[in-house]
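Just so it is clear: chains get the letters A, B, ... in the order the sequence lines come, proteins before strands, and each one is counted from 1. Quick caveat, the model's predicted, so the values are computed rather than measured.
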2 protein chains.
Amino acid sequence: MTTTPTVTRQHTVIDSPYGALTLVATDGVLSGLYMTGQRHRPPEETFGAPDLRPFGEAARQLNAYFAGELTEFDLPLRLEGTPFQRGVWAELVRIPYGETRSYGELAGRLGKPGASRAVGLANGKNPIGIIVPCHRVIGASGSLTGYGGGLDRKQQLLAFERGAEGEAPVLF
Amino acid sequence: MTTTPTVTRQHTVIDSPYGALTLVATDGVLSGLYMTGQRHRPPEETFGAPDLRPFGEAARQLNAYFAGELTEFDLPLRLEGTPFQRGVWAELVRIPYGETRSYGELAGRLGKPGASRAVGLANGKNPIGIIVPCHRVIGASGSLTGYGGGLDRKQQLLAFERGAEGEAPVLF
DNA sequence: GGGCGGCTGGCGGAAATCCGACATCGACCT
DNA sequence: AGGTCGATGTCGGATTTCCGCCAGCCGCCC
């Protein structure tokens, strides 16, 4: 017979300036962070049993981030996807706090200059929002273009990271 | 949404000179007759609830057949299969009691002279044994070649139909 | 008679291929 | 600026193609 995977999965919900955040752990390691109403959010029944124990450190760092006291997460993550998706997500975490990159820029960095749309696709499938900062990717012309959690949240996140001293956010 | 078929299915088991026979009805019409240990016999759980009511006439004719008093069944049948299979099965019921045809002969009658092996395949999938007389098909050389219920049963059926006055059955 | 080899056609599952959907980009137009 | 158009890469599901199986047949050989 085929070997059954037998992964344990737990989840919890925390509050944030961007609404409730659902945290998911697979085998005790953070594997998902989803906003309410987010596109491509997996069905609820895949989140496992409620259990806040695995999420102590993650919640601490998120709260520090929302307070403006943390600019770089340091957490074990479990990112499961196709080789290309994993490449894109690995590139995302290298974008510094407060900065942005364009889809085409990331594609070029991956050695596939024409794959900008594919980067957008993989971006949308990012399972761990905020911590894997897909919100830092915008169009080459500077337009926000899209965000699984909604363009307004993307704009708020960027404005927040740009800092209170930043000029008014570029709206669309 | 897709329309659900919602077919009713019932079954019963009767005894015979060839062992227990499982009769299956779909929407009240005979759709299956399987021997014990027969190849391609569907799994038990598809036979529906036990209920002998739909099978009165079928059982009567079968008993008459086993007693040698009936040579032609007259029953509504529900034969479900591919167009080719239905063609083969339709050809089967036209083989008279006590006679035999070869696989190639049937193939030719269907307008596909080369399809003798395909006829054998369709023959093996015959859902209503005995009544749809797949046992009356033998190799061009006269050999029995195969039977879902076992070659011995095929040989017994042919010997029985040939009649007590017939000469000794050709063994293999 | 029996045993091979090569041809046959249909079937069903597996593999390969196709196609639509996209969080893009650049050139061109008005 | 905004809109349209074509080219681009990946993904997932659907579709198509392929391949092995088989209740055969014929010709050839021993």
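You'll find that the side chain of A/N123 is closest to C/dA23, out of D/dG9, C/dA23, C/dC11. Distance from the side chain of B/Y103 is smallest to D/dG24 among C/dC25, C/dC11, D/dG24. Taking only side-chain atoms of A/R39, from C-beta outward, the nucleotide of C/dC25, C/dC22, D/dA23 with the closest atom is C/dC22. Listed candidates were C/dC22, C/dG9, C/dC25. Nearest to the side chain of A/R117 is C/dC22. Considering only the side chain of A/F84, D/dT10 comes nearest among C/dC25, D/dT10, C/dG10. Among the nucleotides C/dC11, C/dC22, C/dC25, the one closest to any side-chain atom of A/A140 is C/dC25. Listed candidates were D/dA23, C/dA23, C/dC7. Nearest to the side chain of A/K154 is C/dA23. Checking D/dC22, C/dT24, D/dC25 against the side-chain heavy atoms of B/S102 singles out D/dC25 as nearest. Of the listed nucleotides (C/dG9, C/dT24, D/dG24), D/dG24 has the atom at the smallest distance from the side chain of B/T145.
In this structure, A/F47 and A/H11 have tilted ring planes: the angle between them lies in the 30° to 60° band.
Nucleotide C/dG10 holds its P atom 11 Å from the CG atom of B/L121, rounded to whole Å. Look at CZ on B/R136: it is 17 Å from C1' on D/dA23, rounded to the nearest Å. Between the CZ atom of A/R101 and the P atom of C/dT24 there is a distance of 19 Å, rounded to whole Å. Per the geometry, NE2 belonging to B/H40 stands 14 Å off P belonging to D/dC21, to the nearest Å. Rounded to an integer number of Å, the gap from A/L110 CG to D/dG9 P is 14 Å. The CD-P distance, from A/E105 to C/dC25, rounds to 9 Å in whole Å. Between the C1' atom of D/dC22 and the CD atom of B/Q85 lies a distance of 13 Å, rounded to the nearest Å. As a whole-Å value, the separation of A/Y147 OH from C/dT24 P is 16 Å.
In this structure, the separation between CG on B/D27 and OG1 on B/T8 is 4.5 Å, given to the nearest 0.5 Å.
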Note to self: Would A/T145 and A/Y103 count as a side chain to side chain donor-acceptor pair (under 3.5 Å) here? Give the steps.
What the structure shows: CA-CA 10 Å; A/T145 64; A/Y103 296 94; 3.2 Å; yes
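Backbone-only contact: A/A115 has heavy atoms under 4.0 Å from sugar-phosphate atoms and none from a base. Residue contacts shown for A/G139 are limited to sugar-phosphate atoms, with no base heavy atom under 4.0 Å away. Heavy atoms of A/G104 sit under 4.0 angstrom from primed sugar atoms or phosphate atoms, though from no base atom.
Within 6.0 Å of CD on B/E72 lie no more than 12 heavy atoms contributed by other residues, nucleotides or ligands.
Nucleotide C/dG1 is matched to D/dC30 when pairs are restricted to Watson-Crick or G-U wobble geometry with both distances under 3.5 angstrom. Look at D/dT8: it lacks any Watson-Crick or wobble partner with both distances under 3.5 angstrom. Under the Watson-Crick or G-U wobble criterion, with both distances below 3.5 Å, C/dA23 has no partner in any strand shown. Figure legend. D/dT17 is base-paired to C/dA14; pairs are counted as Watson-Crick or G-U wobble with both atom distances under 3.5 Å.
In this structure, A/Y34 is not a member of the same hydrophobic cluster as A/Y65, with clusters built from ILVMFWY side-chain heavy atoms closer than 4.5 Å.
An OP1 or OP2 oxygen of D/dT8 is reached within less than 4.0 angstrom by no side-chain nitrogen or oxygen of A/K112.
Note on B/R136 versus B/E161: salt bridge recorded, some NZ/NE/NH1/NH2 to OD/OE distance being below 4.0 Å.
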